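Worth saying up front: this structure is predicted, and the values here are computed from it rather than measured. Indexing begins at 1, ligand by ligand and atom by atom, following the structure's order.
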Amino acid sequence: MIHAVYPGSFDPLHNGHVDLIRRAARIYDRLTVAVLQNPGKAASALFTTEERVAIIHEVVAGMHGVEVDSFDGLLADYTRKVGATVIVKGLRAISDFEYELQMAHLNRQLNPNAETTFIMTATRWSYVSSTRVKEIAHYGADVAKLVPRATLRRLNEKISQDASVSI
Ligand code: PNS
């Protein structure tokens with residue numbers, strides 16, 4: 001039974017993330033999508049950890065073997081705590097690789113029992129990032145093609161609540 005963790009900020013979840021969750025769920029028996037509760041980033045985050053978890057819950061409902069959790073501190077400690085032996089990361093472009101390589105080495109040093117694996121982002125989503133989604137939505141343009149419905153609904157709610165949503 002291989003338990004994998006797919007960590008990220010997911011602020012907010014976009015179609016590239018969803019594609020990766022679906023593909024990783026086909027490979028591993030159990031997949032935990034783990035949302036980072038980052039106190040440093042909390043002020044600049046658009047969605048609270050609870051909102052990000054709720055969006056992902058809605059999207060993965062019915063996906064076999066997929067669950068959602070949040071964590072703070074080191075990913076290596078979290079994977080050790082939940083007994084996961086695989087970390088899943090998405091690679092969009094070579095530019096992601098350098099950062100991810102460093103993280104993979106450090107995470108392996110911190111928890112040698114968790115192996116980092118990379119899944120290439122689907123070409124059609126390789127240009128999508130949460131930052132760009134927030135920016136586009138902030139300026140009132142349509143992001144319906146870039147995010148799942150659960151994200152779109154909550155993005156629209158945020159924007160209507162507060163016209164000056166941070167990006
Ligand atoms: O979606 P993101 O923001 O690129 O995800 C980054 C994430 C959450 C995977 C990364 O920041 C992380 O693992 N943070 C937890 C702290 C940690 O373990 N840092 C690495 C030390 S080697």
Asker: Is there a polar contact, in the sense of an N or O pair closer than 3.5 Å, between G8 and ligand 1?
Answerer: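 Between G8 and ligand 1 (N or O atoms, distance only) the closest approach is not under 3.5 Å.
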Asker: Tell me whether the centres of the aromatic rings in H3 and Y28 are closer together than 6.0 Å.
Answerer: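 Ring centres of Y28 and H3 not closer than 6.0 Å.
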Asker: Knowing that exactly one of K134, R154, H138 qualifies, which makes a side-chain contact (heavy atoms from CB on, under 4.5 Å) with L46?
Answerer: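 The single option meeting the side-chain contact (heavy atoms from CB on, under 4.5 Å) with L46 is K134.
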Asker: Provide the full list of ring-ring contact (aromatic ring centres under 6.0 Å, His included) pairs with a residue in residues 81-135, sequence neighbours left out, each pair given once.
Answerer: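 Listed by first then second residue: nothing to list.
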Asker: Please write out which residues are connected to M1 in a hydrophobic cluster, directly or through intermediates, given that two of Ile, Leu, Val, Met, Phe, Trp, Tyr count as joined at side-chain heavy-atom separations below 4.5 angstrom.
Answerer: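 The other cluster members (ILVMFWY side chains, heavy atoms under 4.5 Å, direct or chained): none.
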Asker: Suppose I only count heavy atoms of L106 and a 4.0 Å limit; which atoms of ligand 1 are within that range?
Answerer: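 Going through ligand 1 atom by atom, the ones under 4.0 Å from L106 are 22 (S).
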Asker: What class does the angle between the rings of H14 and H17 fall in, given that below 30° is parallel, 30 to 60° is tilted and above 60° is perpendicular?
Answerer: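 The rings of H14 and H17 lie parallel, inter-plane angle below 30°.
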Asker: Provide the number and element of each atom of ligand 1 under 4.0 Å from a heavy atom of G73.
Answerer: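 Here the atoms of ligand 1 in question are 15 (C), 16 (C).
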Asker: Heavy-atom pairs closer than 4.0 Å: do any link ligand 1 to the side chain of L74, the backbone, both, or neither?
Answerer: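 The part of L74 near ligand 1 is both the backbone and the side chain.
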Asker: For ligand 1, is there an N or O atom under 3.5 Å from any N or O atom of S9?
Answerer: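 Indeed, backbone or side chain, S9 has an N or O that close.
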